[in-house]
Protein chains: 2
Amino acid sequence: MDQETRGPGRTGKRAPYANGAKKRAELVEAAFRVFAEKGYLGLSIRQIAEAVGTSHTALLHHFGSKEALLEAVLVLREEREGPWRQELISEKGLLETVPAVMRHNAGIRGVIHLDATLRAEAISPDHPAHHFLLRRNQDFVDSVQSELERELAAGRLREGFPPAVLARQITALVDGIQLSWLYDESVDMAEHLQGFMDLIKKT
Amino acid sequence: MDQETRGPGRTGKRAPYANGAKKRAELVEAAFRVFAEKGYLGLSIRQIAEAVGTSHTALLHHFGSKEALLEAVLVLREEREGPWRQELISEKGLLETVPAVMRHNAGIRGVIHLDATLRAEAISPDHPAHHFLLRRNQDFVDSVQSELERELAAGRLREGFPPAVLARQITALVDGIQLSWLYDESVDMAEHLQGFMDLIKKT
DNA sequence: GTCTATACTGTGATAGAC
DNA sequence: GTCTATCACAGTATAGAC
């Protein structure tokens with residue numbers, strides 16, 4: 001949650017996670033792999049700990065709660081994929097990037113499953129991951145919207161459809177299609193997003 | 001789940017739920033009201049039982065499991081709203097009905113919350129409500145698709161966009177926008193669905 | 001700082017008395 | 001049909017060993 005910018009703990013005493021940051025990072029990494037490979041099927045922290053190779057209390061020592069661990073996994077994913085997405089956007093533009101992201105997501109089912117589950121669980125404002133997920137979603141909407149404004153200014157979009165609405169539609173479509181796909185993998189996520197891009201493109 | 005057509009139990013002995021059906025229906029009705037009014041916030045069956053006015057074991061006796069109760073609530077909702085939706089479609093057509101349904105859903109937040117939560121929880125195929133939700137979703141996609149084909153044949157839709165893809169996009173958009181709205185009620189669900197309808201309409 | 005051991009509360013579920 | 005125990009399991013909190 002609150003990992004302020006702070007150099008790798010040289011002093012080794014004052015700050016929490018001064019040396020523990022390394023161990024913590026390993027655990028998140030391992031947990032990420034467990035989710036990505038074995039999927040998210042209502043795993044208890046005891047099961048996660050076993051798959052990762054520690055005790056469940058050790059996990060809690062580093063993360064404080066189960067939800068905090070789950071959130072840390074999603075943060076890791078964001079850190080890992082954010083730059084890659086941004087690069088792809090500036091290379092190929094938004095209209096090609098979104099379907100490409102969907103193709104990529106089809107390869108990390110467990111993480112997408114975790115994402116969908118946590119997002120529904122965290123609807124209540126007092127859920128520990130609520131604000132993180134709300135912010136992440138809003139950031140995504142904002143980033144899509146600014147790209148849409150660029151495309152619109154370049155004359156590549158149909159007129160009369162406000163980017164703010166289109167941005168939220170795209171975001172919602174991603175969420176909804178991922179849910180559909182989690183229920184039935186024969187749903188082609190990229191195709192459905194590509195279809196939407198074709199709808200808003202100037203003919 | 002398996003409420004076959006069966007007259008109100010006259011004999012009062014052989015069939016399960018012969019007399020219990022009345023009590024069961026009351027319980028579902030009460031549970032529905034609890035969700036619609038107080039919202040779904042990780043309620044335990046003990047809390048639901050208290051709000052409904054029974055013991056949690058009585059609920060389990062009638063429904064077998066918590067998920068079965070939740071599913072029964074969604075079945076009740078389907079039975080209640082299905083006919084209304086169908087009527088609206090034949091009156092106003094699909095393009096006006098979908099936004100109208102979103103306006104209606106904005107008035108039953110707790111049920112929408114329950115729906116979103118259960119849908120994410122039931123992704124795993126061995127979840128008790130998995131097949132019900134998969135079928136309900138597929139039925140919705142099919143029904144939207146056949147309406148789109150009618151609209152297309154009537155010349156009211158842009159050409160080159162297969163109804164099968166559009167139908168799934170609309171379904172996913174409904175799911176995704178409802179999620180967005182659960183996080184932030186200032187999101188206008190009807191507006192976003194109306195916007196999509198405008199995108200696929202023939203100009 | 002890191003981890004183990006242990007116990008506490010609440011969950012969904014089951015068995016059996018009435 | 002309903003209620004009283006009781007169950008195994010969940011997430012969590014704390015004390016203390018290394």
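Per chain, numbering begins at 1; letters A, B, ... match sequence-line order.
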Short side-chain N/O contact to dC3(C) OP1/OP2 from Ser55(A), under 4.0 Å: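 Negative; the distance criterion is not met.
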Any idea which heavy atoms bring Arg119(A) and Leu179(B) closest together, and the distance?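 Looking at all heavy atoms of both residues, the shortest contact is NE-CD1, 3.9 Å.
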Got a sec, which residues hit ring-ring contact (aromatic ring centres under 6.0 Å, His included) with His113(A), two or more places apart in sequence or on another chain?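 Expected list: Tyr40(A).
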Atom-pair distance ([atom1] on [X]; [atom2] on [N]), nearest Å:
X: His56(B); N: dT14(C); atom1: NE2; atom2: C1'; result: 10 Å
X: His127(B); N: dG12(C); atom1: NE2; atom2: C1'; result: 12 Å
X: Lys66(B); N: dG10(C); atom1: NZ; atom2: C1'; result: 12 Å
X: Glu67(B); N: dA13(C); atom1: CD; atom2: P; result: 7 Å
X: His61(B); N: dG1(D); atom1: NE2; atom2: C1'; result: 5 Å
X: His62(A); N: dT12(D); atom1: NE2; atom2: P; result: 16 Å
X: Leu59(A); N: dA13(D); atom1: CG; atom2: C1'; result: 16 Å
X: Glu26(A); N: dC3(C); atom1: CD; atom2: P; result: 10 Å

Quick one: salt bridge (Lys or Arg N to Asp or Glu O under 4.0 Å) pairs with a partner in residues 40-58 of chain A, sequence neighbours left out?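 Residue pairs with at least one partner in residues 40-58 of chain A: there are none.
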Would a distance-only check, ignoring hydrogens and angles, find a side-chain to backbone donor-acceptor pair under 3.5 Å from His130(A) to Ala122(A)?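 Flag set: sc His130(A) to bb Ala122(A) pair under 3.5 Å.
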Donor-acceptor pairs under 3.5 Å, side chain of residues 27-37 of chain A to any protein atom, not counting sequence neighbours: which ones?
residue	atom	partner	partner atom	Å
Glu29(A)	OE1	Arg80(A)	NH2	2.8
Glu29(A)	OE2	Arg80(A)	NH2	3.4

Under 4.0 Å, heavy atom to any atom of DNA chain C: which of residues 43-50 of chain B qualify?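 The stretch gives Ser44(B), Ile45(B), Arg46(B) as the residues lying under 4.0 Å from the strand, ordered by number.
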Salt bridge Asp115(A)-Arg136(A), side-chain N to carboxylate O under 4.0 Å: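 Judged by the 4.0 Å cut-off on N to carboxylate O distance, Asp115(A) and Arg136(A) do form a salt bridge.
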Are the charged groups of Glu78(B) and Arg85(B) less than 4.0 angstrom apart, N to O?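 Answer for the salt bridge query: yes.
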Base, sugar-phosphate or nothing for Thr57(B)? Non-hydrogen atoms, less than 4.0 Å.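 The residue Thr57(B) makes base contact.
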For a quick check of understanding: with a heavy-atom distance under 4.0 Å over all strands, which category does Ser65(A) fall into, base, sugar-phosphate or nothing?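 Result for Ser65(A) = sugar-phosphate.
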Glu151(B) and its salt bridge (Lys or Arg N to Asp or Glu O under 4.0 Å) partner, picked from Lys201(B), Lys92(B), Arg156(B):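 Option passing the salt bridge (Lys or Arg N to Asp or Glu O under 4.0 Å) with Glu151(B): Arg156(B).
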Show me, range against range, the stems involving DNA chain D, built from at least 3 consecutive Watson-Crick or G-U pairs below 3.5 Å.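 Stems found: C:1-8 with D:11-18, C:10-18 with D:1-9.
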Taking only distance into account, with no hydrogens and no angle test, what donor-acceptor pairs under 3.5 Å do side-chain atoms of residues 101-111 of chain B form with protein atoms, sequence neighbours excluded?
residue	atom	partner	partner atom	Å
Arg109(B)	NE	Glu185(B)	OE2	2.4
Arg109(B)	NH2	Leu182(B)	O	2.6

